[in-house]
Amino acid sequence: MATYSKSTVASGSDLFIDFCCFPCLENKIDQWADFYCENCQKFYCAKCINLHSPLFGTHVTYGRGDTSKWPVAKEVEDFLQKCDLHDDKHLEMFCEDHSQLCCASCAFLNHRQCAKVTLISESVKGTPPNLQQLSRKIQSILEEIKKLQNYWDTNMQSLQASYDKQLYVIHDTRKKINNILDNIEKNTMKELDDKLASLKASVKTDADNCSKLKNELKQLNDAIHDIVDKGKSELTFIASKKCMEKIKQSETYLKQNSFQVESSQTFQADRDFQQYLSKLSSLGNIVLSTKKTLVLVDPDQALTVQGKSEYNVRLQSDSDNINCYIEAICVLSEDQILIAEGIIKRVKLLNHQYQVVGHYDLNGFPRDMCKITPSEVAVTVNDTRTHEVQFVSVNGGQLVKGRMLQFQHECFGIAHIMQDLYLTSGTALYKYSMKGALLTKLYEDTSDKATVNRCAVSPSGDKIFITNNSHHKVLTLARDGTVLQTFTDPDLQRPWGIHATALGQVLVCGWSISTIIQLDGEGKKKLATLATKRDGLIYPHSVFYNRSTASIIVGQLCSDNIIVLRVK
């Protein structure tokens, strides 16, 4: 009678089987069962059991507190008994030689030569297997698979970001080639113009000389007509001599110019250049780069600091006499490092050598920053009038402003995973969609002003870590906001920045006593104190683990220097 069951989805998105009330189902009412009657072998809801009990007082019933005595759901039986190779067959036998479950077809086709093939009913005799232990093992494997799946999801985003970046490089290369071709065309046109100007100047000189000779002859001819028959012997003599001289000059000029070279311009294209371009099949080569990455690492393995370096990130354009106040750090693909500086209201882009290569000015004080895609971050910007999240991306080595989300509450800490955005207000933790729609308020503590300061999310998304600055605590919350762990330690006073690495390690800044500590993946215990004031820390405010360089980058409250800890 365990056939009246349904598959449903719980809040944690895990599939489970529940049972329907038998009388309600007969009346076409969809109602979950709360009791099972062993005698009737039927399920009842709370209302129907009140009608059943007076009529069948001797029947044995089990409520939801005794579900172990309820029958197995038909869906579960069918799922377990179905042969993996033959969907229409049930498992009936067990081959001890191969340690395999078999249906009749499997036994006939694959196990006819086996010596020990028995009915399952015969094989179950003896000590039953420890299903709880197997379940714990499955849960452990599921956690590892979830980490691997999260890596593939991140890798897919990284591939898309790499594609977008290379697309920009291709377009930029085409633009540069266009500029080169434009300059070549410009130079060729200039050569054409220069030669035309030179030819025109030569022709103009000849035309001017011809015109001058023509005018002189015409003027002399007109003068002769004026003195004819006037009896002016002296003028006649002078005119005759001039005429003879000018005629001689003209005949010489005409003889010299009886043959003219007719000039024209012809463009002869560089055939080698054209042939070279015609042989090209692309603007360049697409090179595939690969590197091995350790994905499945024990997050509870303590990191060991191997060395330390400091780098100054101040710019000449930064405000005078004001320290940087590095509120947040984030590392994107290809080791592009972004830092958010509070007082001067800037996000800076650092290269592999930790040199500032770009910056973007915000309209308020940045409080925290998290990675959204391999090329984009979200920055919380908060002051008296501004409560917003500003998206900033890296494109072609430049920081580019993206969309912006505005909120009614204060915006301090921020974290992102699986299209969910987590924001802290100082006293509460909120979960939003990526479009800024409020999904839920997960947690709140109004006992002080900095009880929910900064936040981080585990790689699988099942745990959220928050720093309680007021009470010197780190809290670990479940997805629904339930407090799972509360951590305190003498090395953790006034905790501020917190970071969950892609491998599950949890790093926390102890602001007031200048420490960086590592917690286990549950946020339950301290694994190591990685750095202290003796190592040069000055009020650490932000921390980030750069996986590709195996280093921890620390931002400080009153210093222009970031500290880089090389770890193993």
Under 3.5 Å, which donor-acceptor pairs do the side chains of residues 421-428 form with other protein atoms, sequence neighbours left out?
from, atom 1, to, atom 2, distance (Å)
T424, OG1, G413, N, 2.6
T424, OG1, N453, O, 2.7
S425, OG, A428, N, 3.2

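- Enclosure of atom CZ in R403 by more than 12 non-hydrogen atoms of other residues, nucleotides or ligands within 6.0 angstrom is indicated.
- Dense packing is recorded around CE of M404, with more than 12 heavy atoms of other residues, nucleotides or ligands lying under 6.0 Å away.
- No hydrogens or angles considered: nothing links the side chains of D448 and T451 as a donor-acceptor pair under 3.5 Å.
- Taking the charged nitrogens against the carboxylate oxygens, K525 and D489 have no contact shorter than 4.0 Å, which rules out a salt bridge.
- Checked by atom type, the side-chain pair D462/S458 shows a donor-acceptor distance below 3.5 Å.
- Around atom CG of D84, no more than 12 heavy atoms belonging to other residues, nucleotides or ligands sit under 6.0 Å away.
- Using modelled atom types, one side-chain atom of T467 and one backbone atom of R454 make a donor-acceptor pair closer than 3.5 Å.
- Rounding to the nearest 0.5 angstrom, the gap separating the CH2 atom in W511 from the OH atom in Y539 is 8.0 Å.
- Listed for the T440 side chain is no donor-acceptor partner under 3.5 Å among the backbone atoms of K431.
- For an aromatic pair to be called close, the ring centres must be under 6.0 Å apart, and F407 with H387 fails this.
- Between K74 and D78 there is a salt bridge, since a side-chain N of the basic residue sits under 4.0 Å from a carboxylate O of the acidic one.
- N395 and S393 share no side-chain donor-acceptor pair at under 3.5 Å.
- Both tests do not hold together for K526 against F487: distance to the six-membered ring centre under 6.0 Å, angle to the ring axis within 45°.
- With hydrogens and angles left out, the side-chain atoms of R566 and T304 include no donor and acceptor closer than 3.5 Å.
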**Item:** Audit row: T380, N382, side-chain hydrogen bond (donor to acceptor under 3.5 Å, both in side chains) steps and yes/no
**Value:** CA-CA 6 Å; T380 52; N382 194 86; over 6 Å; no
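- No side-chain N or O of D560 forms a donor-acceptor pair with one of N312 less than 3.5 Å apart.
- The existence of a salt bridge linking K348 and D361 is excluded, since no basic side-chain nitrogen approaches an acidic carboxylate oxygen closer than 4.0 Å.
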